[in-house]
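One structure is given here, and the rest of the page talks about it.
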Amino acid sequence: MSELYLRVALPTPLRRLFDYRALADIPVSAWQPGVRVKVPFGSREVVGVVLHTTDTTEVPVSKLRTITELIDEKPLLPPSVMQLISWTSQYYQHSLGDTFSRALPVLLRQGEPAVAQKKLFYTAATDAQLDDVRVKNAPRQRQALQAVLQHKRGLAHEQLSSLELQKSSIDALLEKGLLHKEWRSVHQPPSNLPVLAQMPLALNAEQKVAFDSISQQLGRFKVFLLAGVTGSGKTEVYLHLIEQVLNKKQQVLVLIPEINLGPQTFSRFQQRFNVRVALLHSEVNDRERLNAWLAARDGQAEIVIGTRSALFTPFKNLGLIIIDEEHDASYKQQEALRYHARDLALVRARQADIPVVLGSATPSLESLHNANSGRYALLRLNTRAGTAKLPQFKRLDVRSLPLDSGISMPLQKAIERTLAAGQQVLVFLNRRGFSPVLLCNDCGWMGKCRDCDARLTLHQRYNELRCHHCGHVEKRPLACPGCESLQLHPVGEGTERAEERLQILFAQVPILRIDRDTTARKGALDAMLNTVNQGKPCILLGTQMLAKGHHFPRVTLVAILNADGGLFSADFRSSERMAQLILQVAGRAGRAQDPGEVIIQSHLADHPLLVQLTEQGYFAFAEQALSERRAAGLPPYSYMALLRAEAVSSIQVDNFLQDALALSEQLLAHYQLQQLECLGPVAAPMERRAGRYRAQLLFIAHKRKDLQQLLHALCFNLELLPSARQARWSVDVDPIDLF
DNA sequence: AGCACGCCGACT
DNA sequence: GTCGGCGTGCTC
């Protein structure tokens with residue numbers, strides 16, 4: 001009888017699998033595809049996933065080593081998720097083993113057993129009473145007993161500190177027999193409660209149409225693009241759909257962007273339904289993530305809400321996927337395995353034969369294109385729920401207007417009016433710090449980063465110059481390092497400078513600056529949001545952080561200080577992103593009964609895209625932008641991939657990319673791929689960053705299949721290239737940033 | 001990606 | 001004398 005070998009996927013960037021000898025004392029039937037193993041790998045021990053068994057191997061027998069340990073009794077993942085991971089690995093040209101590793105919760109990746117942690121609970125003894133003589137003279141114990149009595153299903157040990165109870169009081173009560181302790185699985189038994197915990201809100205006519213169209217398609221693959229203006233009640237449509245799916249005893253996956261909306265969304269969903277809602281979000285720790293993952297896999301969590309990586313969660317019986325804010329860039333992972341969770345959600349839904357709902361007020365051009373071509377069903381919600389009206393836009397051409405710290409006189413007047421009317425103002429400026437440049441008026445010297453091709457941003461509060469692209473920080477020079485002149489002046493404005501100016505202009509109201517610098521401290525953001533929620537006149541000033549998700553019912557004026565960045569940037573997606581950002585920020589205004597006004601300051605106030613966006617709305621803008629993309633042969637009318645490379649010396653980068661180019665051309669000829677262009681090598685828009693030189697090769701194809709064929713062969717060969725060891729390189733399929 | 005091995009410079 | 005710098009090569 002021949003020996004048994006296992007083909008294992010290991011967490012390494014190498015695009016191949018590794019064969020091992022099976023452990024002799026373990027039955028053959030135990031090595032099922034999808035079980036994890038510990039194996040020796042070089043000088044260390046790593047956790048891998050068994051793909052299949054085999055009795056032949058290409059590897060010389062002398063090189064074969066033996067599995068150290070079998071971790072799982074049953075396959076960790078259902079075949080559907082195994083397939084999804086394998087598809088992802090191929091499509092994004094990433095090592096299968098590393099894809100597996102990144103698709104798993106951290107603890108499983110590290111080899112922890114796949115079992116839900118049990119938690120310690122305290123329950124009151126049947127005869128326990130608060131007036132028991134045994135606690136008469138022990139106020140703290142009485143307090144603890146009262147808390148436990150209030151929690152009919154038991155008080156979890158981890159709740160003690162938040163209830164300000166001492167472990168010693170609990171121990172005393174256990175000793176006296178007034179409490180019992182119990183290790184309980186955090187999984188709750190299936191409840192007989194009705195699915196709904198709360199009456200749903202009534203849907204308006206548009207919502208009803210959207211709901212009906214989708215609910216008719218439950219149980220088969222279909223993509224819906226739910227394009228609803230901000231405040232139109234997309235979430236209510238989701239909740240109605242989820243109710244349907246839960247009634248069919250199926251589960252729902254809801255993906256949300258990587259902003260701080262996890263807990264908010266979680267509580268809204270949890271309030272509505274008597275089912276277990278699991279959260280897979282950055283603020284959830286590794287242990288809880290594992291618990292949530294297992295609960296979804298075993299069918300004990302009916303709803304999973306999570307960011308990008310939650311897409312790989314296994315489900316027992318998935319019935320619907322919802323991608324909220326589908327246009328959001330955080331769905332695309334920007335390092336290592338560069339996958340797009342929205343695109344993979346479609347793959348997953350097709351495989352499970354279930355519908356996907358893509359929701360957004362400002363859909364991506366890709367999705368709109370798919371809706372136009374009939375591949376997705378477009379459902380629009382054009383009216384705001386309740387009495388709220390959409391805001392009015394006003395473009396302010398600042399070429400002829402003097403600006404003081406970025407604020408023009410008409411804007412200042414508008415802010416004054418709004419505050420005087422007892423309302424709130426939101427000022428949006430997508431730039432942190434005091435000023436983006438520190439310039440010497442005498443010799444033209446500018447603060448530049450030592451490690452990047454970038455200017456240093458002045459942070460006045462810390463008296464520092466900082467690089468926003470790497471971690472570099474230096475002290476603000478007193479005199480010009482070039483000519484020793486004292487004429488060093490900040491040029492341009494960031495939020496810090498706008499804050500200073502607004503404080504002078506509107507000393508009577510609070511100015512709340514919300515950006516990465518002011519919210520770094522835990523709780524700082526919540527404190528500021530609380531002030532806003534009190535509803536008194538104030539000015540909210542901030543970056544992107546302000547644009548997404550939050551409700552500011554008392555804000556009736558939104559000011560966008562500088563909308564120019566998106567209109568003349570090199571990246572072909574910048575106008576799309578600008579439009580989405582403007583509408584997202586604008587969507588914060590007038591969400592309650594008061595109508596909102598949006599003032600956009602720009603040097604290009606009559607730019608056609610800006611005019612179209614503000615006068616005819618996002619859809620008109622998108623049509624225009626799409627026709628420009630079509631004319632230029634850009635996505636979604638073509639498919640792109642980027643080969644990025646970086647190294648300490650620019651020569652190493654050049655050598656590698658020249659080799660890659662030669663290889664690509666050979667492969668193009670070999671496969672006879674004519675409708676595939678290879679552009680470059682060119683330096684990245686910021687050539688030097690964090691001390692490394694960066695350049696890239698861009699591939700543009702008419703057909704996805706051609707691109708895939710080329711990339712597959714290219715990656716295989718690049719891995720063997722000597723020059724590839726001198727440079728760090730990666731492939732980005734469907735890049736959303738071209739740098 | 002890690003990690004070990006290996007061959008040259010400034011230190012107890 | 002050796003501690004450690006990072007070039008080079010390998011991982012079943």
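All chains are named by letter (A, B, ...) in the order of the sequence lines, taking the proteins before the strands, and each is independently numbered beginning at 1. Below, all heavy atoms of this structure are taken into account, side chains as well, without hydrogens, waters or symmetry copies.
Using cut-offs of 30° and 60° on the angle between ring planes, the pair A:Trp87 and A:Tyr91 is parallel.
Rounded to whole angstrom, the span from the CG atom of A:Asp19 across to the C1' atom of C:dT11 amounts to 13 Å. The distance between atom CZ of A:Phe41 and atom P of B:dA1, rounded to the nearest whole Å, is 13 Å. In this structure, A:Leu721 atom CG and C:dG9 atom P are separated by 14 Å, rounded to whole Å. Between the CD atom of A:Glu45 and the C1' atom of C:dC12 there is a distance of 15 Å, rounded to whole Å. Straight-line distance from the CZ atom of A:Phe18 to the P atom of C:dT11: 9 Å, rounded to whole Å. In this structure, A:Leu96 places its CG atom 17 Å from P of C:dC12, rounding to the nearest Å. B:dG2 atom C1' lies 13 Å from atom CG of A:Leu10, rounded to whole Å. As a whole-Å value, the separation of A:Glu646 CD from B:dA1 C1' is 14 Å.
Formation of a donor-acceptor pair under 3.5 Å by the A:Arg450 side chain with backbone atoms of A:His472 is not found in this model.
The side chain of A:Gln726 sits closest to C:dT8 out of C:dT8, B:dA4, C:dC12. Relative to the side chain of A:Arg16, the nucleotides B:dA4, B:dA1, C:dT11 differ in distance, and C:dT11 lies closest.
Using a 4.0 Å heavy-atom criterion, one finds that A:Pro60 contacts no nucleic acid atom at all.
Between C:dT8 and A:Arg725, no contact under 4.0 Å exists linking OP1 or OP2 to a side-chain N or O.
With ring centers used as reference points, A:Phe41 lies under 6.0 Å from A:Phe18.
For the pair A:Arg308 and A:Phe312, the cation-pi criterion (under 6.0 Å, within 45° of the ring axis) is not fulfilled.
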